[in-house]
There are 2 protein chains.
Amino acid sequence: MTNQKTTRIPRMTLSRLPLYYRTLCNLADEGTRRIKSADLGTATQVEPTTIRRDFSYFGELGRSGYGYDVGHLIRIFGEILEVDEPQYLALVGVGNLGRALLKNNFRRNPNMAIVCAFDADPGVIGEEINQVIVQPMAELGATIASLQINTAISTVPSHSLQQVSAKLVDNGIRSILSFAPEPVILPEFVNMRYLDLTSEVLNLLLLSERGQAAVAK
Amino acid sequence: MTNQKTTRIPRMTLSRLPLYYRTLCNLADEGTRRIKSADLGTATQVEPTTIRRDFSYFGELGRSGYGYDVGHLIRIFGEILEVDEPQYLALVGVGNLGRALLKNNFRRNPNMAIVCAFDADPGVIGEEINQVIVQPMAELGATIASLQINTAISTVPSHSLQQVSAKLVDNGIRSILSFAPEPVILPEFVNMRYLDLTSEVLNLLLLSERGQAAVAK
DNA sequence: CACGAAATGTGACGAGTTTAACAAAACGGA
DNA sequence: TCCGTTTTGTTAAACTCGTCACATTTCGTG
Ligand SMILES: NC(=O)c1ccc[n+]([C@@H]2O[C@H](COP(=O)([O-])OP(=O)(O)OC[C@H]3O[C@@H](n4cnc5c(N)ncnc54)[C@H](O)[C@@H]3O)[C@@H](O)[C@H]2O)c1
Ligand SMILES: NC(=O)c1ccc[n+]([C@@H]2O[C@H](COP(=O)([O-])OP(=O)(O)OC[C@H]3O[C@@H](n4cnc5c(N)ncnc54)[C@H](O)[C@@H]3O)[C@@H](O)[C@H]2O)c1
């Protein structure tokens, strides 16, 4: 467990990588070959200094007086984000939100896809959405084992989350993204992440009121 | 730079308020009258010390040797979050995601609701979803003016975001939550917030790989 | 009413993160 | 090739946030 040789990359830097990657891909699509931190800063709304520091954790990616090569950055970040490695996901809870995710199914990311879906409601089981057939919960274990999936998205209601996530973990899932804000108790090795749409809206409203005076950067 | 004007409330504290509020409401529903930071900590998965520090920014809300009065906390936080003030929202882009938001429509928060929806697709316009009729973009200005709305959710694709958000701002919207990760250029007084589901999943995968190589160099 | 128990509110510290400032490096035109 | 300009990578300082530790306050009971 003494894992000291790997250069430790700050959590905040890692969390900005997807943003950088996506923005760079857009720029490349528009034909942009090179970019300087200042311009990438206006595109991403991140301070140029922060961008340069972030990039520096992955080596000397740029050239002074020139900037960064967009293609090179995309290659490097794509490798770190493992966008080439197919990332298969399971979905539990095919309601309003689950259905939306399934219909879109990350169509812009060819290597990321929900490949199986589960629900407890007999009225939904068997339905085919975007080439994925909704399966009963009883088949969850066998399916994710055979597909070797270790990451799941949960769009079940709060009151089912504890039970559902425990079942997911029992069957080998190690990372869960939940859209229900219910805190759950799980083994420490499980990576649980919440995405509460209601809180996001509340935060938007909060920050827009109070941040008024103080945001003088 | 002596910025000791109002007691500035840390951003992280504010972002936890919705979690506290919801948890406290659940506790109240179950009949809990009082709570100590330790128990609220296990319920929210937040360190008790952090909870006490957070609460302290809003005054001395608790009593030593006793804990906090649940009803009192709910009142205080409800006021800060303005849950009593109805928060009406506009939605633009009634696709997969927009439809899901509209169908659910924050049903657990009685004072927060999407009250109007807009789309450019004639095939969607006129459709009624959860008592909201999808309107054409041409009516956006008049509708949000008459309803006095200043906050919007955008679920239009990336390539439409700049155009759509500019139109929203022109018509009085001051806060936007976008599900498309496209950076846009808007006046400074606009509060723009992104919620990129793809990035969220990538982050989940990235963080779960801590301990494995991936970033060695 | 007094006293041990319980729980809060906060000074202090440290880890993590952002930002300003600048020296060094590389570009590109003459 | 030379030189002013541009832009990076990084050092150091500022800032934010979470947690320890504990003095303080209040509870609840004998
Ligand atoms: N859709 C939104 O706009 C929105 C907004 C805020 C929060 N949320 C949260 O997202 C979550 C999902 O929202 P939704 O609108 O899709 O809800 P939904 O009710 O439409 O869908 C939930 C699905 O989960 C299934 N389910 C329930 N219990 C289950 C179990 N034990 N095992 C397997 N499947 C089970 C149900 O059959 C249903 O299909 C909810 O927790 C909700 O609070 C949604
Ligand atoms: N649904 C997902 O799982 C998912 C995942 C990751 C990202 N996203 C992002 O969320 C956004 C919405 O996703 P979706 O699946 O709902 O897409 P969608 O294509 O189903 O819906 C988009 C809607 O916006 C409308 N629209 C397009 N241009 C418009 C314009 N100029 N004015 C008004 N309306 C316009 C369309 O008519 C359509 O109804 C996309 O940017 C997508 O990249 C979605």
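Below, chains carry the letters A, B, ... as their sequence lines are ordered, and counting in each starts from 1.
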Worksheet item: Which heavy atom of B:Ile176 sits nearest a heavy atom of B:Ser165, and at what distance?
Response: CD1-CB, 3.9 Å
Practice prompt. Can you tell me the distance, in whole Å, between the CG atom of B:Leu40 and the P atom of C:dG9?
Written response: 13 Å
Practice prompt. Go through the N and O atoms of the side chain of B:Ser64 and the base of D:dT26, and report whether any donor-acceptor pair is under 3.5 Å.
Written response: no
Item to complete: For A:Ile9 and C:dG16, give me the distance from atom CD1 to atom P, rounded to whole Å.
Response: 14 Å
Discussion item. I need the CD-P distance between A:Glu47 and C:dA21, as an integer number of Å.
Written reply: 13 Å
Discussion item. It should be established whether A:Arg52 places a side-chain nitrogen or oxygen under 4.0 Å from OP1 or OP2 of nucleotide D:dT8.
Written reply: yes
Worksheet entry | Nearest-angstrom distance from the residue atom CG of A:Asp69 to P of C:dA26 | 16 Å
Worksheet item: Taking OP1 and OP2 of D:dT8, is either one under 4.0 Å from a side-chain nitrogen or oxygen of A:Ser37?
Response: yes
Worksheet item: Hey, does the side chain of A:Arg16 come within less than 4.0 Å of C:dT18's phosphate (OP1/OP2), counting only N and O?
Response: yes
Worksheet item: Considering all heavy atoms of both residues, which atom of A:Ser158 and which atom of A:Pro181 are nearest to each other, and what is their separation?
Response: OG-CD, 3.6 Å
Worksheet item: Roughly how many Å is it from OH in A:Tyr57 to C1' in C:dT18, rounded to a whole number?
Response: 10 Å
Worksheet item: Any side-chain N or O of A:Tyr68 under 4.0 Å from OP1/OP2 of D:dG9?
Response: yes
Discussion item. So, does A:Arg11 get its side chain near the phosphate of C:dT17, meaning an N or O under 4.0 Å from OP1 or OP2?
Written reply: yes
Practice prompt. Determine: side-chain N/O of A:Thr50 to OP1/OP2 of C:dT18, distance under 4.0 Å, yes or no.
Written response: no
Worksheet entry | Among A:Phe55, A:Phe77, A:Phe58, the one residue meeting ring pair (Phe, Tyr, Trp, His ring centres under 6.0 Å) with A:Tyr68 | A:Phe55
Worksheet item: Under the side-chain contact (heavy atoms from CB on, under 4.5 Å) test, which residues partner B:Met12, sequence neighbours left out?
Response: B:Ser15, B:Arg16
Worksheet item: Are A:Arg63 and C:dC27 close enough that a side-chain N or O sits under 4.0 Å from OP1 or OP2?
Response: yes
Discussion item. Given the structure, check if the side chain of B:Arg53 and the base of C:dT8 hold any donor-acceptor pair shorter than 3.5 Å.
Written reply: no
Practice prompt. Return no unless some side-chain N or O of A:Arg34 is found under 4.0 Å from OP1 or OP2 of D:dT8.
Written response: no
Item to complete: Run the salt-bridge test on B:Arg63 and B:Asp69 with the 4.0 Å N-O cut-off and return the result as yes or no.
Response: no
Discussion item. Rounding to an integer number of Å, can you tell me how far B:Phe55 CZ sits from C:dA7 P?
Written reply: 15 Å
